Amino acid sequence: PREYSLVLLVRDPDTRWSIGARKISLRAGEQEETVSMPAIHTLRVRASPALRARDVTIQSSDPALGWLRRVKLLEEGVATFDALAAAQYEVRCGSKRVEVRVPAAGEIAIE
């Protein structure tokens with residue numbers, strides 16, 4: 001047997017990201033593993049008018065969830081990140097950075 005990481009990915013038309021991972025042991029032959037779906041959350045980011053020409057990125061400090069995601073701001077200055085696992089994240093818009101805990105925050109502002 002050898003140890004691997006089993007990673008649960010979700011995908012939309014533009015990107016893919018992890019919503020969970022765990023260690024598993026694999027060996028030759030048939031195997032069966034049950035994976036529970038984690039709770040997922042949405043985070044809305046509202047940017048000040050000075051930042052509205054920029055993309056917003058989010059990245060978790062958890063290595064299993066550490067994939068960088070990028071979303072374009074809508075005209076009203078809002079970006080929405082769906083399907084986030086519970087974790088600590090860093091949200092960036094231009095040179096501005098905000099640390100946020102998901103699911104504690106449903107919406108944050110970047111000034």
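Treat the numbers as computed from the prediction; the structure is a model and nothing was measured.
Separating the OG atom in Ser48 from the NZ atom in Lys96 is a distance of 7.5 Å, to the nearest 0.5 Å. Taking CD of Glu32 as the reference point, atom OG1 of Thr34 lies at 5.5 Å (rounded to 0.5 Å). In this structure, CG on Leu68 lies 12.5 Å from CH2 on Trp17, to the nearest 0.5 angstrom. For the atom pair CZ of Arg97 and CZ of Arg92, the computed distance is 4.0 Å after rounding to the nearest 0.5 Å. With rounding to the nearest 0.5 angstrom, the CZ atom of Phe81 is 6.5 Å from the OG1 atom of Thr57. To the nearest 0.5 angstrom, Glu3 atom CD is 9.5 Å from Leu26 atom CG.
Nearest heavy atoms, Val98 versus Ala109: CG2-O, 4.3 Å. Minimum heavy-atom separation, Cys93 to Ile110: CB-CD1, 4.0 Å. Heavy-atom minimum distance, Ala83 versus Arg69: O-NH1, 4.1 Å. The shortest heavy-atom contact between Gln31 and Ser25 is OE1-O, 3.7 Å. Taking all atoms of both residues into account, the shortest heavy-atom contact from Leu51 to Leu73 is O-CD1, 3.5 Å.
Put simply, Tyr89 and Val71 are part of the same group of oily side chains (I, L, V, M, F, W, Y) that touch within less than 4.5 Å, one to the next. A chain of hydrophobic side-chain contacts below 4.5 Å, direct or via other Ile, Leu, Val, Met, Phe, Trp or Tyr residues, connects Leu8 to Ile24. In the hydrophobic clustering of this structure, Ile40 does not group with Leu84; members are Ile, Leu, Val, Met, Phe, Trp, Tyr whose side-chain heavy atoms approach within less than 4.5 Å, directly or through other members.
Identified under the salt bridge (Lys or Arg N to Asp or Glu O under 4.0 Å) test for residues 6-30, with sequence neighbours left out: Arg22-Glu33. Pairs of residues two or more places apart, or lying in two chains, that qualify as salt bridge (Lys or Arg N to Asp or Glu O under 4.0 Å) and include a residue from residues 99-111 are Arg44-Glu107, Arg46-Glu107.
Shown are Ile19, Leu9, Thr15; of these, the side-chain contact (heavy atoms from CB on, under 4.5 Å) with Trp67 is made only by Leu9.
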Go through Thr80 and Leu43 one step at a time and tell me if the side chain to side chain contact (heavy atoms under 4.5 Å, CB included) criterion holds.
CA-CA 6 Å; Thr80 301; Leu43 177 67; over 6 Å; no
Steps toward side chain to side chain contact (heavy atoms under 4.5 Å, CB included) verdict (Val56, Val91)
CA-CA 7 Å; Val56 179; Val91 178; 3.6 Å; yes
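Judged by distance alone, with hydrogens and angles left aside, the side-chain atoms of Ser5 form no donor-acceptor pair with the main-chain N or O of Val7 at under 3.5 Å.
Every residue two or more places apart in sequence or in another chain that forms a side-chain hydrogen bond (donor to acceptor under 3.5 Å, both in side chains) with Asp82 is listed here: Thr42.
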